[in-house]
Amino acid sequence: MQVPAPFEYERATSVDQAIGLLERLGSSARLVAGGHSLLPMMKLRLANFDYLIDINPLHAELGYIRLTGDEVRIGALTRHRELLESDELAAAFPIFRDAERVIADPVVRNRGTLGGSLCQADPSEDLSAVCTTLDASCVIRGPGGSERVVTMEEFHVGPYETAVGDDEMLTEIRLPLRPGGGSAYEKVERRAGDWAVVSAGAAVWLTADGTIADARVGLAAVGPNTTGIPELSAALRGREPAEDLYEQAGAIAARSCDPATDQRGSADYKRHLADELTRRTLRTAVARARS
Amino acid sequence: MTTVEEPKTTTFDDNDQKPVGFGRMLRKEDPRLLRGRGRFTDDVQLPGMLHLAILRSPFAHARVVSVDTSAAEAAPGVKAVVTGETLKGLGLAWMPTLSNDVQAVLATDKVRFQGQEVAFVVAEDRYAARDALELIDVEYEVLDPVIDVRQALAPDAPLIRDDLEGKADNHCFDWETGDADETEAVFARADVVVQQDIVYPRVHPAPMETCGAVADFDAVEGKLKLWSTTQAPHAHRTLYAIVAGLPEHKIQVIAPDIGGGFGNKVPIYPGYVCAIVGSIVTGKPVKWMEDRSENLISTGFARDYIMRGEIAATRDGKILGIRTNVLADHGAFNGTAAPVKYPAGFFGVFTGSYDIEAAYCKMTAVYTNKAPGGVAYACSFRITEAVYLVERIVDCLAAELDMDPAELRLKNFIQPDQFPYTTKTGWVYDSGNYEPTMRLAMDIAGYADLRREQEEKRARGELMGIGISFFTEAVGAGPRKNMDILGLGMADGCELRVHPTGKAVVRLSVKTQGQGHETTFAQIVAEEIGIPPADIEVVHGDTDQTPFGLGTYGSRSTPVSGAAAALVARKVRDKAQLIASAMLEVTVADLDWVKGSFQVKGDPAKAVTIQQIAMRAHGAGDLPEGVEGGLEAQICYNPSNLTYPHGAYICVVDIDPGTAQVKVRRFIAVDDCGTRINPMIIEGQIHGGLTDGVGMALMEMISFDEDGNCLGASLMDYLIPTALEVPDWETGYTVTPSPHHPIGAKGVGESATVGSPPAIVNAVVDALKPYGVRHADMPLTPSRVWDAMRGRATPPI
């Protein structure tokens, strides 16, 4: 049995109370949501915090999926399982269900949360790629009820590093809803439940005449963080969906990423997957947008 | 005699036929295990028990300059801190390995692999012990490590084992088998010679339960009780007596329920010795349970053979000779668990199932700065490596000759009338009938249809592969004339006692780690004396309660202890017959044994049951002259030879040409393990072993970076397969009983682990034929398959 170093533990009673604790305790404290990344790191003593603030009691407040007229709002404590099972979300953004089906295993999905996944900021994190693909914005709450909204690009500062300050909490993810949309996600892994060797998400929005109004691709595990690929979006906009266009997009994806060789695969292979999976997900996303 | 039976689909609806003897029945141990009532080492709780944690080296190779334990000793809850220097004072800093080498219990001079034991803390709880480890201040002088096994014998390689007197290099041992000159002559006149470098990477058994122990030394009685995760409790007890100087009758080793072994729990690990020392030093019971990372980085690994295979044949596909050169990585200490005269285990069976004219193997084993071990993971003492080599190289030959791999194998099999068959490396295969097994596998697979499907798919650019492996195992070590472990002969004791009411207890020297001994051995005894398995208690794992024997590994339990159980039951039956003759007032010769009772010949109504005989044996009234009271017997069985199970495996894979991901679509396993005792248990063993095979072929590998950091230190980094990576197994069987085993059984625990990796790799290579691929090394991860598709297949190390 691996055992963590000593720490104090407190259950949060409200978002503001949790932020108050963070304000007081600073970087020696950490929020714990699903805990599936944090607790193993603490047991291996790779992460040591003096205080853990358990925000699971806030699930009633921060666990939700709400469709408004022009966006989907998802509470940061919404669990993987809730994302997987939501038909409303799957209808708006099928990419979520695609991704959730290949994230870890049911035990992890029962506990792990959207906010926790984004805040972990692991370069291989699937939901970061999904949110990048969907051009999400992140609502960060701070002391005194202050709130700021940042883009995914702003949210991810580096590997395992986010824009959320020591006395702040990610509370909500907002995804813009646009007409004519379709999305998809594909992941190559060495084994079910493993981190991605590479994964890709794609979203397209078609105009009434079938040309591409906008398109976005988000890649995981091929760089320090998932980022959008502006060159790729620009190349697709206004074009007719076709195989040679997907090929062009795949090539852009491959040269825009910066993978490293590790036990999951060589950099060359990962670059190839960025290309292959970009093409595959665009193809599916377009088919879904049309249907 | 061989009987070929129709394959039966695996069915779960009739697994509890409650046979009095052989047949399907649910496992007697499962209600306990499934209800959470199993008792594993970590479940042992004793009054006043303390907890031990081990400080391990962060470096692969470093000199230990100093160890300061003062802060740890002052930490709350800490009862003792012990270093290598402390053990040196007790003469316990080093201990013998199972291969006549020595291994440090706690480092005194140097650390020689990452994760090596340096010091330990005994404290009031697990947390206090672990926290105190952080307070031990060790000063290391880091040395260059030897990580690349190919560089271990380079003249300028750092010297690892400077503890061994006169040792000037990293050479561990040389070994050869077969006839070099004869083989050279055969190769010189062959039409075709194919050579292939083949790596079997380092893998780890990764049992669900890690290793651990609870030591309880009673200073007044002078008795040590040790609960530990051991596959060989008796052998361990004797070794503790020798190492620690404790009298053997004052040591009780208890292996409680064990959560998987696969060879990982054969060696004695430093942690066990530390727990014993911890209990002696503190006067309290001490528990040590390693965590997952400790298990993966420091305990017995498996494989790590770099092999060059060569095969010689005629143009029309008659195999003439096989030759191999092996470089074996034994890690920092030679901790191989194998019979002493077999430093390479049973690798000598690399000639496989084929009748050939000559064979030769030359092996060099070296030390590196990696964890010790060397034989583990259900490998039947290195037969896994041997079967992988021969089945891979035979496929290379088939590719070279442009011959169907099934046809090539069928053409070269040892024929039924050649058994007992002596191989060119001196192994005497007891029995076998290979062609029907192979044909049955091909029938179940629909081999010809699969090849047609493959042709169609290739025309469309799809990648489908069909891989075959045919293996012969050598299990049941072994005859004591040439097999021992540290001088302990590999014979097994067994005791059977029938109680007055006709219930019985059988005491085994072997110990289950999940194989189902409590059921299989009850069935063996039931078959012989007709007492239902439910009425037979199987006692095992406790050295104070069971006769001496060498333990469970190398698929030896049924071949050795299974024979002992059958023979001891026959001894009891013979005695029962004497008592029955008195009860029925006829001569012994006038009695027929009808399972469960003796009947008077020609008058079946006149009969006594084994239960009636048991009561009479213990009851009032005289017994026949010369017959003692009671109904019990004991035996020690020394096998006359190994047993040689065989099997034919066919694997079908599909590969995504875009991502290079391998999907195992079908796997057909036809096994011949001789007499089948409980088909359900056999199928379970096969399913588990096949899953192991998928793991090794596609994802498992313990690798290191250039500094010697282990890169497989967690189950997120060292992948083992899940149900999602494996197909529905299709199993079948043939029965070729062993002629020298009392019930004809051959052992099956490791067959599937041994036989499946080459079938999967052969299937992947077959699928990649359009790319001109002839070989690709395990693990065949998507990235490595993609490299192979681009003509860039590289060894994994």
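In what follows, chains carry the letters A, B, and so on, assigned in the order in which the sequence lines appear, proteins first and then strands, with residues in each chain numbered from 1.
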Looking only at side-chain N and O atoms, does A/Gln2 offer a donor or acceptor that is under 3.5 Å from a partner on B/Ser293? yes
Atom group of B/Leu719 that falls short of 4.5 Å from chain A, counting heavy atoms: both
Ranked by heavy-atom pairs below 4.5 Å to chain A, first place among B/Thr781, B/Asp656, B/Asp787 goes to B/Asp656
Under 4.5 Å from any heavy atom of chain A - which part of B/Pro721: backbone
Only counting residues at least two apart or in another chain, list the ones meeting salt bridge (Lys or Arg N to Asp or Glu O under 4.0 Å) with B/Glu294. B/Arg56
The reported gap from CZ in A/Arg190 to CG in B/Leu780 (rounded to nearest 0.5 angstrom) is 13.5 Å
Heavy atoms, side chains only, cut-off 4.5 Å: are A/Asp262 and B/Leu711 in contact? no
Just how far is it from atom CG of A/Leu44 to atom CG of B/Asp291, taken to the nearest 0.5 Å? 7.5 Å
Is chain B contacted by the side chain of A/Pro4, its backbone, both, or neither, given a heavy-atom distance below 4.5 Å? both
Would you say B/Glu134 and A/Arg45 make side-chain contact, with heavy atoms under 4.5 Å? yes
Around A/Arg81, counting heavy atoms of other residues, nucleotides and ligands shown, do more than 12 lie under 6.0 Å from its CZ? no
Identify every side-chain donor-acceptor pair in residues 239-249 of chain A under 3.5 Å, counting partners at least two apart or on other chains, and give the distances.
{"unit_1": "A/Glu243", "atom_1": "OE1", "unit_2": "A/Arg283", "atom_2": "NH2", "d": "3.1"}
{"unit_1": "A/Glu243", "atom_1": "OE2", "unit_2": "A/Arg283", "atom_2": "NE", "d": "2.7"}

Straight-line distance of A/Glu276 CD to B/Trp786 CH2, nearest 0.5 Å: 10.5 Å
Which heavy atom of B/Gly658 sits nearest to which heavy atom of A/His272, and what is that distance? O-NE2, 2.6 Å
Can you name the nearest heavy-atom pair linking B/Pro782 to A/Tyr269, along with the distance? CB-OH, 3.0 Å
For A/Val188, which atoms come within 4.5 Å of any heavy atom of chain B: side chain, backbone, both, or neither? both
Do you know which of B/Arg784, B/Met716, B/Met289 has the most heavy-atom pairs with chain A at a distance under 4.5 angstrom? B/Met716
Quick one: what part of A/Glu189 sits under 4.5 Å from any heavy atom of chain B, side chain, backbone, both or neither? backbone
Under 3.5 Å: donor-acceptor pair, side chain of B/Glu725, backbone of A/Arg191: no
Can you find a heavy atom in the side chain of B/Ser783 that is under 4.5 Å from one in the side chain of A/Arg264? no
One should read off an interatomic distance between A/Leu273 CG and B/Thr659 OG1, to the nearest 0.5 angstrom, of 7.0 Å
Please identify, among B/Asp42, B/Asp131, B/Leu698, the residue contributing the most non-hydrogen atom pairs under 4.5 Å to chain A. B/Asp131
May I ask you to test the B/Arg790-A/Asp268 pair for a side-chain heavy-atom distance under 4.5 Å? no
